[in-house]
Structure formats: C-alpha cells, structure tokens
Amino acid sequence: MSETTKFHGIIGDMNPIEHDGGVVYEGEHGVEVLYFKGWSDDDGPRVTVSRFSVEDNVLTDLSWADWKEVASYIGMPEEELRGHAVSDNVMARAQVYESVAQYCGFIELDHMPRELTLEQAEAEHGEFVDECHAAGNKS
C-alpha cells in the first residue's frame with residue numbers, strides 16, 4: 001500500500017479473494033472498491049476482479065438503478081438503502097454499490113473486469129488485501 005492509500009475496510013467476506021468481497025480504499029483516484037467475485041469452470045476456480053469508484057451520492061451516480069427492487073433483493077427498506085446511499089460513511093456507500101452490483105451485475109459498475117485464476121488473483125492482490133487488513137488492525 002502506498003503512502004497515499006488510505007484503507008477504509010472490507011465489504012463482503014473478510015477473505016475477499018477466495019470468498020467474494022472487496023477492499024474499500026482511498027488513493028490517487030479517490031475512494032474505490034477492488035471487488036473479487038469467485039466462480040469455477042472446467043479449469044478450476046477463477047475470480048472476476050472489478051474496480052469501481054465510490055461517489056458521495058450513490059443515488060445520483062447510479063440514477064438508473066431500481067432502488068425499490070435492489071432494496072427488496074437485499075431485504076432492506078428502500079428508504080434505509082437510500083439513506084446509506086447518501087451517507088457520510090464511506091463503507092455504507094460502498095455497501096450500496098455492492099448491493100446494486102449483486103442485483104444488477106458487477107458489469108454495470110466495471111465494464112472491463114479482469115478474469116483471473118484464483119492463484120493469479122492471490123499473486124496480484126493478496127499482498128494488498130493483507131496490507132489493508134493490517135492497516136485496519138492498527139486503528
């Protein structure tokens with residue numbers, strides 16, 4: 001993690017590369033999520049890696065989302081979801097993006113995700129995830 005990277009937390013599983021989840025961090029491009037979604041094919045376990053920004057107002061950024069349907073999908077009242085979408089809490093907003101992506105597909109947030117083997121994902125991103133966990137343990 002560079003000196004300019006600020007770790008905010010993990011969404012989804014605490015072992016995001018292996019069990020689906022994302023690292024929420026702030027770097028030179030603002031607040032972003034690096035999200036890992038696992039799947040398997042005949043060649044074994046694979047991971048789709050998506051990267052997307054976390055804006056201050058998710059409602060405006062994702063104005064195309066059907067908030068009623070997303071709220072129903074995750075089992076949350078729509079007004080509560082909308083409140084999280086404009087929250088000052090970065091993690092709350094990141095979780096709204098995750099909810100929309102779970103319902104609509106991550107391709108809606110990152111039109112060019114990378115598909116890697118599990119080993120490639122661990123090799124490329126494992127140290128970053130570990131550094132983020134370490135930074136979280138210091139606070």
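Position 1 is the first residue of the sequence, and the numbers go up from there.
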Find out whether I11 and V24 are in side-chain contact, i.e. whether some heavy atom of one side chain is under 4.5 Å from a heavy atom of the other. yes
Would you mind reporting whether V100 and W67 have side-chain heavy atoms less than 4.5 Å apart? yes
Minimum heavy-atom distance between L59 and N57, given as atom pair plus value: N-OD1, 3.0 Å
Y73 versus Q102, side-chain donor and acceptor atoms under 3.5 Å: no
Does D88 CG have over 12 foreign heavy atoms under 6.0 Å away? no
Taking every non-hydrogen atom, the tightest pair across D20 and G38: OD1-N, 2.6 Å
So H125 and L34, do their side chains get closer than 4.5 Å, heavy atoms only? yes
To check you understand the geometry: which heavy-atom pair defines the closest contact between P113 and T48, and what is its length? CB-CG2, 3.6 Å
Nearest 0.5 Å, what's the CD-CD distance between E122 and E124? 11.0 Å
Closest non-hydrogen atom pair, E98 against F106: O-CZ, 4.5 Å
Does any donor atom in the side chain of Y103 or D66 lie under 3.5 Å from an acceptor atom in the other side chain? no
Per the side-chain hydrogen bond (donor to acceptor under 3.5 Å, both in side chains) rule, which among K6, E32, H8 passes with Y25? E32
Do V47 and T117 make a side-chain contact, defined as non-hydrogen atoms from C-beta onward lying under 4.5 Å apart? no
